[in-house]
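Here is the structure we will look at.
Since we're looking at a predicted model, the values are computed, not measured. Values reported hereafter were calculated over all heavy atoms of this structure, with side chains retained and with hydrogens, waters and symmetry mates removed.
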Amino acid sequence: MKHALRRLRTVAVALGAGTLGLSLLSVPAAEAYSVQPLAPQSQRAPESDQFSAEGVTTVGELRTIDGSLSHAKEGATQIIRHPGASYVKVHFSSLRLADGEYVTVSSPDGRESYRYDRHLSRATGADYTTDGQPGFWAMSVDGDTAVVTVHSTRSSRTSAATIDRFWRGYDATEIKQHNFTTQSVCSTDARRDAVCYQSSHPNEYARGRAVARLLISGGGLCTTWRVGNTNRMLTNKHCFSTQSAVSGSEMQFNYQCATCGGSNPGAGTKVSGATLYKVSSGGSNQLDYTLYSVNNFANIQSFGTLYLATTATTNGTRMYVPGHGDGSPKRLSIYEDTQNGATCTVRSANYNTWNISYSCDTSGGNSGSPVLNASHRVIALHHLGGCPSNQGAKAHLIYNEIASLIDNNG
């Protein structure tokens with residue numbers, strides 16, 4: 001082991017000047033692994049492969065690598081680390097496993113771990129996403145490090161798995177650099193972590209649990225939420241609108257801080273998109289919705305659901321918005337400017353044919369958030385920023401178009 005550690009010290013690399021996207025863990029952290037990790041270099045993928053969608057917050061970059069793991073009696077481990085990354089999402093171009101063998105993609109502390117065998121069965125293994133190309137994407141791991149391990153009883157140098165790409169999440173500064181944001185925080189930003197309201201506003205807190213962070217095709221960010229009593233989710237059409245994008249995306253429930261202002265979110269529960277059911281007609285200034293389902297639905301049922309209002313709202317109606325603006329852990333917009341001051345209200349219930357307006361604080365990444373009234377019914381689907389008239393598509397009009405596809409009785 002001492003000899004192995006000396007070798008680790010000599011080959012350890014760090015990210016430098018944007019040229020390397022992988023590095024080894026520090027030696028103390030690496031001591032837990034019985035086989036020396038590989039450290040292939042990475043580079044930013046061509047711009048044509050990077051995520052880009054109008055109105056969608058870009059939260060990561062795609063990088064390419066050349067990494068192959070072989071069978072080994074004690075396991076073969078590769079550590080993919082991009083210092084400062086907010087998440088790492090690994091792509092396997094191929095798996096060559098026998099029955100009983102599998103690979104895991106985990107966080108260094110083991111709190112997140114996803115298992116994949118040759119059959120890629122979601123019933124016995126972990127969820128995953130696809131992009132229409134050979135191979136599959138493992139579920140993202142929060143933080144800047146993913147540990148990939150082959151679990152095999154064979155001792156062989158034959159290739160067991162090949163990793164060719166990974167997404168790495170931007171940090172907060174990079175998100176600002178890569179996104180043009182229409183001013184949607186009106187005056188003072190009064191949003192707070194969802195947990196801040198667990199005692200003072202228990203109903204708002206509880207309803208917000210049905211809201212998830214939407215990671216689109218590895219590099220984009222919106223908000224999404226469960227609607228009705230069956231396996232149905234809503235977000236904006238401008239977030240995604242095709243089956244391939246649904247299949248390539250993750251929904252992260254319970255991504256919220258454990259303490260008020262603590263900046264300590266857990267990984268929550270991640271599921272992938274399953275079936276696209278309906279997309280609104282017209283542009284992003286109209287109803288702007290996408291209705292779809294998720295895989296492993298049983299894993300998210302405990303977070304509850306939301307129901308659409310079936311009649312129009314009115315001016316002055318009290319409202320609130322849970323969501324993942326800027327890709328942050330879930331926050332609630334309950335007050336206009338100051339805590340315990342004026343509550344958010346509907347400014348215009350008929351801003352135009354499709355939208356209501358409000359000055360409740362939102363930001364990039366809030367696209368797709370539900371706008372709820374004091375009875376905790378969804379009165380609008382947030383999708384446009386611009387103070388003082390942030391806008392949400394009228395929920396009762398959305399209901400009229402999707403009523404046959406959801407169970408809205410609640």
Side-chain angles (χ1 to χ4, degrees), residues 14-15 18-23 25 42-45 47 49-53 56-65 78-92 105-109 111-114 127-129 131 137-148 163-181 212-224 239-240 245 248-257 263-273 323-331 363-368:
L15 184 69
T19 60
L20 295 181
L22 252 86
S23 69
L25 285 174
S42 77
Q43 60 184 1
R44 182 177 170 89
E47 294 309 303
D49 294 335
Q50 300 298 328
F51 182 86
S52 178
V56 178
T57 299
T58 301
V59 293
E61 71 164 344
L62 180 63
R63 300 189 70 86
T64 60
I65 57 175
Q78 181 168 295
I79 298 173
I80 299 177
R81 180 171 184 255
H82 195 107
S86 56
Y87 62 86
V88 175
K89 184 174 174 66
V90 175
H91 184 263
F92 292 89
V105 181
S106 308
S107 58
D109 59 11
R111 289 192 300 174
E112 278 191 275
S113 186
Y114 303 100
D127 206 347
Y128 58 92
T129 64
D131 61 5
W137 289 92
M139 299 302 276
S140 63
V141 173
D142 286 2
D144 66 4
T145 303
V147 180
V148 182
I163 300 168
D164 61 346
R165 291 174 283 161
F166 69 95
W167 285 94
R168 66 96 180 176
Y170 290 144
D171 61 25
T173 299
E174 290 175 304
I175 290 175
K176 291 180 180 179
Q177 291 173 346
H178 286 86
N179 293 279
F180 172 79
T181 302
R213 186 177 187 260
L214 173 57
L215 181 61
I216 305 164
S217 301
L221 193 283
C222 279
T223 296
T224 187
C239 293
F240 58 34
S249 299
E250 300 180 15
M251 300 78 221
Q252 185 177 15
F253 284 80
N254 202 34
Y255 180 62
Q256 54 193 54
C257 291
S263 298
N264 53 357
T269 299
K270 299 173 183 176
V271 293
S272 65
H324 291 279
D326 306 314
S328 298
K330 190 182 301 166
R331 290 177 289 178
S363 58
N366 267 119
S367 288

What pairs with F253 under ring-ring contact (aromatic ring centres under 6.0 Å, His included), at least two apart in sequence or on another chain?
F303
Inter-residue atom distance C222.SG - I216.CD1, 0.5 Å rounding:
4.0 Å
Mind checking what makes side chain to side chain donor-acceptor pair (under 3.5 Å) contact with N264, not counting sequence neighbours?
T259
Results of side chain to side chain donor-acceptor pair (under 3.5 Å) for S86 - residues two or more places apart only:
none
How long is the gap from CZ on F51 to CH2 on W167, to the nearest 0.5 Å?
7.5 Å
Qualifying residue, where the test is side chain to side chain donor-acceptor pair (under 3.5 Å) with Q256 and the options are R331, H324, K330
K330
Against V141, only a single residue in V147, I80, V105 fulfils side chain to side chain contact (heavy atoms under 4.5 Å, CB included); can you say which?
V105
CD1-OG distance between I175 and S328, expressed to the nearest 0.5 angstrom
7.0 Å
Check the angle between the aromatic planes of Y170 and H178 and answer parallel, tilted or perpendicular using the 30° and 60° thresholds.
parallel
Could you give the distance from CG (L215) to NZ (K270), rounded to the nearest 0.5 Å?
8.0 Å
Any side-chain heavy-atom pair of R168 and D144 under 4.5 Å:
no
Find the distance between CD (E61) and CD (E174) and round it off to the nearest 0.5 Å.
7.5 Å
Evaluate the side-chain hydrogen bond (donor to acceptor under 3.5 Å, both in side chains) criterion for residues N179 and T57: first the C-alpha distance (whole Å), next the side-chain angles of each, then the deciding distance (0.1 Å), finally the verdict.
CA-CA 6 Å; N179 293 279; T57 299; 4.6 Å; no
CG of L214 to CZ of F240, rounded to nearest 0.5 Å, is 5.0 Å
